[in-house]
Amino acid sequence: MSLEGKVALVTGAGQNTGLGIAQALSAAGASVIINDVAADRAEAGAQAVKARGGTATSAPFDITDYSAVAAGIRAAEAELGAVDILVNNAGIPAEAQRQPFATSSPATWPPYIDINLYGSLNTTHCVLTGMLERNFGRVIQISSGSGAVANKGLGAAMYGAGKAGIEGALRHIATEVGDRGVTVNSLALGLMENLQAALDAEYPPLPDIFALNLIPRLGRGSDVGAAAVWLASDGAEYVTGQTIHINGGAYSGR
Ligand SMILES: NC(=O)c1ccc[n+]([C@@H]2O[C@H](COP(=O)([O-])OP(=O)(O)OC[C@H]3O[C@@H](n4cnc5c(N)ncnc54)[C@H](O)[C@@H]3O)[C@@H](O)[C@H]2O)c1
């Protein structure tokens with residue numbers, strides 16, 4: 001599956017899952033724009049891709065700020081070319097914490113919606129017209145099982161709302177662009193390796209909701225990257241409006 005000649009933008013790609021996705025897209029031949037709100041992470045991500053022989057540039061902007069998104073994408077496209085593949089990966093607000101809804105303050109709710117719903121809509125809106133003009137585009141949303149399934153004790157109601165919200169919006173958008181070579185899909189992740197340490201450190205501990213993973217390990221950026229490469233490829237041109245779960249079979253073995 002070659003992505004030679006294609007340009008991909010991955011948001012929140014300075015570390016962990018996003019960087020894994022960017023590395024996979026780069027290994028398949030795409031030039032990658034590494035976005036992160038943290039400029040040093042964006043630059044480090046671009047350098048990491050280049051260190052493996054890829055073509056990359058950093059694009060530090062906050063996806064929740066529409067003007068910054070538009071300007072950041074314009075600047076990166078001037079360097080690498082128009083965005084063919086958008087991976088909306090940024091989705092965990094800096095303020096994120098597990099909390100029961102009943103005792104949460106309303107002031108803590110907006111960041112989850114701002115990053116997952118408005119952030120992904122901002123980036124998608126800024127690249128969609130160009131994709132439609134060129135009759136090719138791939139929008140890949142990184143979602144979470146939390147958008148579809150609730151786990152007792154997880155304390156992630158607003159995170160789930162943000163993920164479910166963007167998946168719903170993108171399904172509608174998929175209906176508007178399917179006849180113009182643009183596909184829109186979501187990859188819903190289970191628990192990834194990078195979150196394990198943080199969750200282990202929390203009190204009260206996370207319920208053992210992943211004990212039933214059919215494949216007994218946690219997810220890696222490379223697992224998500226492999227799926228993103230396929231969705232971005234010509235071979236996946238008939239797949240749109242879908243949510244594909246990448247979670248080692250969690251929720252399937254009960
Ligand atoms: N880690 C998990 O276990 C897990 C599970 C399910 C789904 N996901 C999803 O996978 C995606 C990546 O998760 P991760 O654990 O790699 O995240 P992470 O927090 O380790 O990395 C995300 C990056 O996004 C950047 N970022 C944050 N806000 C931003 C903004 N407004 N604009 C641009 N960049 C921003 C951060 O600086 C960070 O470098 C998220 O959408 C998350 O919801 C992760």
Side-chain angles (χ1 to χ4, degrees), residues 9-24 33-46 48 58-73 76 86-98 110-124 126 140-149 151 154 156 158-167 170 186-200 202 206 209-210 213 217-225 227-228 243-248 250-251:
L9 164 61
V10 185
T11 68
Q15 62 180 17
N16 296 328
T17 310
L19 184 54
I21 295 168
Q23 291 284 24
I33 301 165
I34 304 286
N35 159 260
D36 205 292
V37 70
D40 55 339
R41 282 187 198 163
E43 185 51 34
S58 63
F61 56 79
D62 180 347
I63 63 161
T64 68
D65 176 345
Y66 187 91
S67 313
V69 172
I73 291 178
L86 168 66
V87 183
N88 287 319
N89 168 76
I92 302 179
E95 309 88 334
Q97 57 173 8
R98 292 168 50 207
Y112 298 95
I113 308 301
D114 288 344
I115 190 168
N116 281 298
L117 183 55
Y118 291 115
S120 294
L121 291 176
N122 287 342
T123 53
T124 303
C126 285
I140 302 168
Q141 175 67 36
I142 303 306
S143 188
S144 161
S146 296
V149 179
N151 293 104
L154 189 57
M158 294 313 298
Y159 177 69
K163 294 300 192 188
I166 188 60
E167 283 186 41
L170 290 176
S186 296
L187 296 173
L189 315 187
L191 188 63
M192 303 290 288
E193 277 180 350
N194 66 285
L195 260 199
Q196 184 66 73
L199 292 175
D200 280 350
E202 280 189 58
L206 193 70
I209 55 178
F210 297 97
N213 268 22
R217 66 167 174 81
L218 299 175
R220 300 172 185 145
S222 55
D223 298 319
V224 188
T243 295
I244 299 169
H245 288 257
I246 300 181
N247 57 15
Y251 313 127

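Both ligands and their constituent atoms are indexed starting at 1 by order of listing. Every value quoted in this text rests on a predicted model; they were computed, and no experiment measured them.
- Nearest protein heavy-atom contact of atom 10 (O) of ligand 1 is I142 CG2, 3.4 Å.
- Smallest separation of non-hydrogen atoms from S58 and E43: OG-OE1, 2.9 Å.
- Of the N or O atoms in M192, one or more lie within a sub-3.5 Å distance of an N or O in ligand 1.
- Counting heavy atoms closer than 4.0 Å to ligand 1, residue Y159 contributes side-chain atoms (C-beta onward) but none from N, CA, C or O.
- Applying the 4.0 Å criterion to heavy atoms of F61 picks out, from ligand 1, the atoms 32 (N), 33 (C).
- For the pair S186 and E167, the tightest heavy-atom approach, listed with the atom from each and the gap, is OG-CG, 3.6 Å.
- Taking 4.5 Å as the limit, some side-chain heavy atom of I63 sits within range of a side-chain heavy atom of F61.
- Atom 39 (O) of ligand 1 has its closest protein heavy atom at D36 OD2, 2.6 Å.
- Across all non-hydrogen atoms, the minimal contact from S120 to N88 is OG-CB, 3.5 Å.
- Side-chain contact check for R217 versus D223: some heavy-atom pair is nearer than 4.5 Å.
- Among L19, D36, N89, the one residue that satisfies the side chain to side chain contact (heavy atoms under 4.5 Å, CB included) test with V10 is N89.
- Taking every heavy atom of L191 and a limit of under 4.0 angstrom, the matching atoms of ligand 1 come to 3 (O).
- Distance from atom 32 (N) of ligand 1 to its nearest protein heavy atom, with residue and atom name: I63 N, 3.1 Å.
- Residue contacts with ligand 1 for T11 are absent, since no atom lies close enough (heavy atoms, distance under 4.0 Å).
- Looking only at heavy atoms of the protein, atom 19 (O) of ligand 1 is closest to Q15 NE2, 3.8 Å.
- Side-chain atoms of K163 come within 3.5 Å of backbone N or O of I142 as a donor-acceptor pair.
- The heavy-atom pair separating L191 from L218 by the smallest distance is O-CB, 3.7 Å.
- Atom 26 (N) of ligand 1 has V37 CG1, 3.8 Å as its closest protein atom, hydrogens excluded (heavy atom only).
- Looking at ligand 1, you'll find an N or O of N194 within less than 3.5 Å of one of its N or O atoms.
- Scanning the protein for heavy atoms near atom 24 (O) of ligand 1, the closest one is G12 CA, 3.2 Å.
- For Y118, the OH atom counts as loosely surrounded, since its 6.0 Å shell holds 12 or fewer non-hydrogen atoms of other residues, nucleotides or ligands.
- Scanning V224, D62, N122 for the heavy atom closest to atom 30 (C) of ligand 1 points to D62.
- Polar contact check, N116 against ligand 1: no nitrogen or oxygen pair lies under 3.5 Å apart.
- Counting heavy atoms from C-beta outward, V69 and C126 have side chains that approach closer than 4.5 Å.
- Across all their heavy atoms, G91 and Y159 have their closest contact at O-CE1, 3.7 Å.
- At a 4.0 Å cut-off, at least one heavy atom of K163 sits close enough to ligand 1 to count as contact.
- N16 and N194 make their closest contact through ND2-ND2, 3.3 Å (heavy atoms, listed as atom of the first residue, atom of the second, distance).
- With a heavy-atom cut-off of 4.0 Å, R41 touches ligand 1 through its side chain alone.
- Residue G14 has no nitrogen or oxygen atom sitting less than 3.5 Å from a nitrogen or oxygen atom of ligand 1, judged on distance alone.
- Residue contacts with ligand 1 for S143 involve N, CA, C or O but no side-chain atom from C-beta outward (heavy atoms, distance under 4.0 Å).
- Nearest protein heavy-atom contact of atom 5 (C) of ligand 1 is G190 O, 3.1 Å.
- Atom 28 (N) of ligand 1 has I115 CD1, 3.3 Å as its closest protein atom, hydrogens excluded (heavy atom only).
- Residue nearest to atom 11 (C) of ligand 1, selected from N16, V10, N89: N89 (by heavy-atom distance).
- Annotation for ligand 1: atoms under 4.0 Å from non-hydrogen atoms of N35 are 33 (C), 34 (N).
- Note that the OG atom of S143 and the CG atom of L187 stand 9.0 Å from one another [nearest 0.5 Å].
- Panel note: side chain D65, backbone D62; no donor-acceptor pair is recorded below 3.5 Å.
- Listed by number with element, the atoms of ligand 1 under 4.0 Å from a non-hydrogen atom of S144 are 6 (C), 7 (C).
- Close contacts between ligand 1 and L195 involve ligand atoms 1 (N), 2 (C), 3 (O) [criterion: under 4.0 Å to a heavy atom].
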